[in-house]
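Have a look at the structure below, then the notes.
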Amino acid sequence: MDTIDEMNKTDRADEIDQLKSDLLNTMSHELRGPLTSIKGYTTTLLRFDKRLRREEQREFLEAIRDATDTLSAIVDHLLEMAQFEAGTIQLSFAPVDFYHLVQEAIDTAERSRHYTLATGARPNFFTFHLQVRDEHGLPAQPEFLPLVWGDQRRLREALDTILDNALKFSPDGGDILVTLRPTSVLLPEPSENHHNGSSLHSSSVEQPVLEISIQDQGIGIASDHLLRIFDRFQRVDTRLTREVNGLGLGLTLCKHIVALHHGRLWTESQPGKGSTFFIQLPLVPLASATTIDL
Ligand code: ADP
């Protein structure tokens, strides 16, 4: 027994060491860029302020502002992940009109910097499509969609992350197809401890869900990475991933958000052809929302 405990402790210590080294690698890589910009632009402004034109000064100040925005986004993501892992995030559940939510997320993605300048040099062109299907996979009207029982702000955050990745990892642009369809699946039974983000539970019940799929025509993901990308700080090592910023935390946060909704999140992908991310979320209960303990 002692030996097993000792082994567990050693495994845990190895896991923590690995986590620390992943954190250090990611942090040093991701912090260096914005810190170098801030240092470089402030030094130039201080040294040459008299000789710089007004527009140049403004350009430098804007670059400093962008770099600090990047740094605060990094800190926000790290804090958020710590809160999810500690189980201290409280969701506020209400009926969510997912069609509307996706429309807003697409509008934001279209305006984002990746839309016109995804990976630095090449301007990329994306076409977004939003479609609704019925249970049989046939085209349907948005009014036909049932409401999801969820935390609108958190679900939007998950959508934004997946759409942003679709843009970031599609260097040649292309179509981004979001499909919404009601279906029915076996889901983990509610009222267990879901804070660990795992979707493996002892008992399951058949539940009606809304399935959201987000398909891109990007670089795709090799099969041995399909599960790993949902773990913290995990990024697939490609030339493109090295070019685009990222902490490898976005999908980890999505996994936590979906797990707290008792839903499922997974991806299917063909390297070189593109990826599809799937989310399944329980619907608003037919009886009064107050009678269900999620
Ligand atoms: P980040 O985007 O900050 O790297 P994520 O957790 O959101 O972190 O994603 C983890 C990794 O999964 C990415 O670095 C990338 O390698 C891979 N990935 C995510 N979405 C896609 C996608 N749509 N196409 C190809 N690879 C993807």
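Note that ligands are numbered from 1 as they come in the structure, with each ligand's atoms numbered from 1 the same way.
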Identify, for [atom], the protein heavy atom at the shortest distance, and state residue, atom and that distance.
| atom | result |
| --- | --- |
| atom 4 (O) of ligand 1 | R235 NE, 2.5 Å |
| atom 11 (C) of ligand 1 | Q234 O, 3.6 Å |
| atom 23 (N) of ligand 1 | D216 OD2, 2.8 Å |
| atom 12 (O) of ligand 1 | I229 CG2, 3.2 Å |
| atom 9 (O) of ligand 1 | L251 CD1, 3.6 Å |
| atom 13 (C) of ligand 1 | F169 CZ, 3.5 Å |
| atom 26 (N) of ligand 1 | I221 CG1, 3.3 Å |

Test log, rule side chain to side chain donor-acceptor pair (under 3.5 Å), inputs Q234 and R228: CA-CA 7 Å; Q234 294 298 319; R228 243 185 288 162; 5.0 Å; no

Can you tell me if G220 has a non-hydrogen atom under 4.0 Å from ligand 1? yes

If the threshold is 4.0 Å, N to carboxylate O, is there a salt bridge linking [X] and [Y]?
| X | Y | answer |
| --- | --- | --- |
| E55 | R58 | no |
| R154 | E80 | yes |
| R133 | E211 | no |

Classify the side-chain pair [X]/[Y] by whether it contains a donor and acceptor separated by less than 3.5 Å.
| X | Y | result |
| --- | --- | --- |
| Q215 | T179 | no |
| D151 | H261 | no |
| T108 | R156 | yes |

Other residues, nucleotides and ligands only: do more than 12 of their heavy atoms fall within 6.0 Å of CG on L31? yes

When you look for heavy atoms under 4.0 Å from ligand 1, do you find them on the side chain of [X], its backbone, both, or neither?
| X | answer |
| --- | --- |
| V236 | both |
| L249 | backbone |
| F277 | side chain |
| K168 | side chain |

Can you figure out which of G274, S269, A166, G248 has its heavy atom closest to atom 1 (P) of ligand 1? G248

Would a distance-only check, ignoring hydrogens and angles, find a side-chain to backbone donor-acceptor pair under 3.5 Å from D97 to H100? yes

N/O separation below 3.5 Å, T161 to ligand 1: no

Please check whether N165 reaches ligand 1 - meaning an N/O of the residue sits under 3.5 Å from an N/O of the ligand, judged on distance alone. yes

Once you measure the plane-to-plane angle for Y41 and F60, does it fall in the parallel (<30°), tilted (30-60°) or perpendicular (>60°) bin? tilted

